[in-house]
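Because the structure is a prediction, the values reported are computed rather than measured.
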Amino acid sequence: MIRRAHAADISQAAALYHAVWHETQARFMPAAECTHRSMEFFIDRMTALLPTTLVDERNGAVVAFSAWKGRRRARFLSPHRIGDRA
């Protein structure tokens with residue numbers, strides 16, 4: 001179910017953001033930037049983005065989210081959900 005995110009969703013959305021960012025973008029970034037992008041970094045970012053975040057919740061788990069601030073957008077989908085149209 002797609003819905004507005006709540007404060008209780010921050011940790012799951014941040015964990016998804018952290019995992020997918022490191023899997024897909026870290027290899028293109030300097031090592032120092034990758035180190036800086038810790039779990040705490042993503043928790044802080046998701047906390048700031050909470051007012052504009054939508055989550056897709058399935059069976060009690062956040063499997064995707066979309067958030068934006070100005071022109072900056074973040075959209076992340078759990079690797080386990082890629083190709084799942086349900």
Tell me if a side-chain donor or acceptor on Thr52 pairs with a main-chain N or O of Lys69 at a distance below 3.5 Å.
no
Please find the pair of heavy atoms, one from Ala8 and one from Ser11, that lie closest to each other, and give the distance.
O-OG, 4.3 Å
Value for CG (Leu49) from CG (Leu54), rounded to nearest 0.5 Å, stands at 11.5 Å
Working to the nearest 0.5 angstrom, can you tell me the gap between Arg4 CZ and Leu50 CG?
10.0 Å
side-chain hydrogen bond (donor to acceptor under 3.5 Å, both in side chains) involving Glu57 - partner list, sequence neighbours excluded
Arg3
For residues 26-35, pull every pair meeting side chain to side chain donor-acceptor pair (under 3.5 Å), keeping only residues two or more places apart or in separate chains.
Glu33-Arg37
Rounded to the nearest 0.5 Å, how far does CZ of Arg45 lie from CH2 of Trp21?
9.5 Å
Measure across Thr53 and Ala67 and return the closest heavy-atom pair with its distance rounded to 0.1 Å.
OG1-CB, 3.3 Å
Distance-minimising heavy-atom pair for Met46 and Ala13
CE-CB, 3.8 Å
Reported OH-to-NE2 distance for the pair Tyr17 and His22, which is rounded to 0.5 angstrom:
10.5 Å
Nearest 0.5 Å, what's the CZ-CG distance between Phe65 and Asp9?
11.5 Å
Of all the heavy-atom pairs spanning Ala5 and Val55, show the shortest one and how long it is.
CB-CG1, 3.8 Å
Distance check, rounded to the nearest 0.5 Å: Phe28 atom CZ versus Cys34 atom SG?
11.0 Å
